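Each remark here refers to the structure printed beneath this line.
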Amino acid sequence: MRNFLIKRLLQGGFAIWGVITIVFGILFLAGDPTLLLVPEGATQEDIDLLRHQFGFDRPFIVQYWDYLLGVLRFDLGQSFVQNIPVVQIIGPRVPFTLYLAGASLLVAVGVGLPVGVITAVARDTVTERILMPIVLVGQSMPTFWSGILLILLFAVTLRILPSSGAESLSSIIMPAISLGALSMATFARITRTSVIDEMSKDYVRSARAKGIAVRAVILRHVLRNASLPVITVAALELANLLAGAVIVETVFAWPGLGLLAVQSIEARDFFVVQAIVLLGSIIYVVLNLAADILYSAVDPRIKLHAGTA
Amino acid sequence: MKERFLGGVVIAVTMAAALLASVGAQAAKETLVVDLVNEPATLDPHRQWNPDSYYAYRNIYDNMVTRDSAGNIVPQVATSWQAISDSVVEFKIRDDIRFHDGTPLTVEDVVFSVKRIINPDFKSPQLGQFNQITDAEKVDDSTVRLTTNGPYPPLLAQLVKLSIVSQAYTESVGDEGLNRNPMGSGPYKFVEWRSGVKVSVEANQDYWRGAPPFAKAEFRTVPDASTRIADLRTGKADIAVSLNADQAAELASESSLQVLSTPTERVAYLMMNTLSGPTADIRVRQAIAHAVDRKLIIDALLGGYSKPVNELLTPAHFGYGGDSQGYPFDPEKAKELLAEAGLSGGVEVEMITAPPFDQRIVQAIQQQLSDVGITMNIAMSDMRTFLQRRRGSPDEFGNLVFGRWSCACQDADGVLFPMFHTDSIWSKYSNTDLDKLLEAARTSLDEAERMKNYAEANTLIQAEAPSIALYQAAAIYGARKELSWQPTPNESLFIIDMAWQE
């Protein structure tokens, strides 16, 4: 177990370093932001002076090395657009994104799991025929569209929810539904497949033969076994939610990391973009590790050792 | 229509909501809510130069001078000014302005503000707009003297953008502190900046120009235009910035909303490479000028909000003549000119562009050029590559570029000099006669003399067609019906100029 963890952590660190390097390289290739900071008509001298002041005229390797050393000291650099440490910009946004991701996951699991179980158990019934198209719609609707539809219905027409922002408690509802709908469909489908799979196994037949009620078999035995693929998906879905948050946060003006990422990329605010990517890759690595550990908790047959990775 | 779609089920809810809304509306308007596109990059007025920042911070600060509704430069912090020599101007400073912390605004604060923004170590992106000022010094308790690097006619136009900060406060909180907790002498006091959510300000009841119209104001960050419109419709926001003509049309059909629009100092142009490629031939440039149907572009794509102009300036600029004839839309004439140039068999040109530019207009131009036998290839790239080619040598540039130019100074010098002077990196034109005119206008403080230079420059540009003017771009805002406000060409949002009528 300990060897496994050490190996996975090293792998994770390597992955994160790779991400930093690739993103730094892409941002560097995308050009220094001096040109975008100066007003139209700036002279070459103005541009050169500002570029030098920001240090963008130094060689790639020097800028890269400086940045890496900074990250190791937990110094994510200074935003040159806002002129404050990046941590101060990212910090206030993290809770908003976690809140949104959590609420969306709640919507996704809260709706997706029961729907998956019901459609698995009630195969070829009217219930399934009603529920499956809903799942399909949830999966097919792009968030930027479903978001605007939700705003038109609940904010503009019904006037029961705020149309944008994060100023009141009810502000989370529409973004969470919009973002959660995508993952909800995934959860429903995976749960359904997994439950159907388990239902056909011998232990279910034995349990039924012993006279245990269908409901009890499903709740006590099938769900536990069917939950393995669901856990994997949950870890991946949470990462997907963070990616999807970019669009949902933009539509609903939700002040999280996704919105910040879009705005920082537009402003070429290098170090802010870097920090968001860094945070994202750390979350991804941690979630995957958490999924592996949860596996062994749910299914004792899976022993964590260095080879599992 | 949506109500019909939803059916009778929602009528009761809607009526109840409408009732509640009308009860709310009867109270006096306490808070004005503005939906911006992006979060202000900074509230330090000497640093970032973008609308989302200055929409907010210009309400917190007073500027050295300002513009009245007719666009004339009028006193604000400076009450009067007098040229001592060609490169020295003395300004008298008001003695009754107080910062929000109660301390008086002094000559020292003005000197400090100028020196702060022109210090290269401060790294202000606005440096290029102010670095013709070489020194600022105190003469006496009510007089400040600015020295420029030679005669500099746009000085006042640049000082319209110079906000005065408190020296004592800035030194005590530092640059970061001033950014996160700005403190000025303007009509609104800073209250709170909730990152990514909003900037809140409250009225400065002791403001020297009188109490502002709303007790509070909020600048929210709402990147999606559909959401900004939804905010207006639900009453969550009172003004939304940066709408396009289609969105304006959507608003116009709502009885509770209005579209506010003004022609800005932004001039849309089609610039041609006179130094390389087929557009080096003046007949090809004139053919292109005749082939473009500006009226169609304005009516079909811009909802009629923008105004056609025949020179590379707008009526909001000093130096605008208004008597250029331009090149009327005439495809036959264009074909003739191409035939004269020996290109009746067709010619290929390349237009460089990037995503921030309205691609519908780029494509319309492509279509209009193809109608007269010019094949226009669109070279779309990321902004950095685009800017590199845009500023690059004539051989890198391609043949055409569509853009919208604003110097944010409302002076011909800020447009014509960088766009056409031989030494400018943005120019793809070289003509010693024009260079002389632009230099003369740049170094003369005689307004009549400058007007004459620009009139001649415009005539030359008209004849040579290194660039053709398309239209004066409009700024379109959406607002609640109750708001009365006249937007200005310099795209500012001064809340003190607004009013609310129930």
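Please read these numbers as outputs of a predicted model, since none were measured by experiment. When reading the values below, keep in mind they use all heavy atoms of this one structure, side chains included, and skip hydrogens, waters and symmetry mates. Chain naming here is simple, since letters A, B, ... match the order of the sequence lines and numbering starts at 1 in each.
- Across all non-hydrogen atoms, the minimal contact from B:Lys236 to A:Ser163 is CD-OG, 3.6 Å.
- If you measure heavy-atom distances from B:Asn38 to chain A, the contacts under 4.5 Å come from both the backbone and the side chain.
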Item checked: Residues B:Ile425, A:Thr43; criterion side-chain contact (heavy atoms from CB on, under 4.5 Å); working and verdict -> CA-CA 7 Å; B:Ile425 47 176; A:Thr43 64; 5.8 Å; no
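- Listed here is the closest heavy atom pair of A:Gln263 and B:Val37: NE2-O, 4.0 Å.
- With a 4.5 Å cut-off on non-hydrogen atoms, A:Thr250 touches chain B through its backbone and its side chain both.
- Looking at B:Asp121, both its backbone and its side chain come within 4.5 Å of chain A, counting heavy atoms on both sides.
- Each of B:Asp175, B:Leu387, B:Val197, B:Asp231 has some count of heavy-atom pairs under 4.5 Å with chain A, and the biggest count is that of B:Asp231.
- In this structure, CG on A:Asp46 lies 12.5 Å from CD on B:Gln126, to the nearest 0.5 angstrom.
- Judged purely by atom type and a 3.5 angstrom limit, B:Trp426 uses its side chain to pair as donor or acceptor with the backbone of A:Ala42.
- More than 12 heavy atoms of other shown residues, nucleotides or ligands fall within 6.0 angstrom of atom CG in A:Leu72.
- At a 4.5 Å heavy-atom cutoff, B:Arg390 makes no contact with chain A through either its backbone or its side chain.
- Rounding to the nearest 0.5 Å places CG of B:Asp423 at 12.0 Å from CD of A:Gln44.
- Rounded to the nearest 0.5 Å, atoms NZ (B:Lys123) and CG (A:Leu49) are 11.0 Å apart.
- Below 4.5 Å, heavy atoms of chain B meet heavy atoms from A:Ile84, A:Pro85, A:Gln88, A:Ile89, A:Pro92, A:Arg93, A:Phe96, all part of residues 84-106 of chain A.
- Inter-residue side-chain proximity for B:Arg391 and A:Ile47 is flagged as met; some heavy-atom pair is nearer than 4.5 Å.
- With respect to chain A, the highest number of heavy-atom pairs below 4.5 Å among B:Pro356, B:Ser124, B:Ser195 belongs to B:Ser195.
- Identified by a heavy-atom distance below 4.5 Å to chain A, the contributing residues of residues 219-228 of chain B are B:Arg220, B:Thr221, B:Val222, B:Pro223, B:Asp224, B:Ser226, B:Thr227, in residue-number order.
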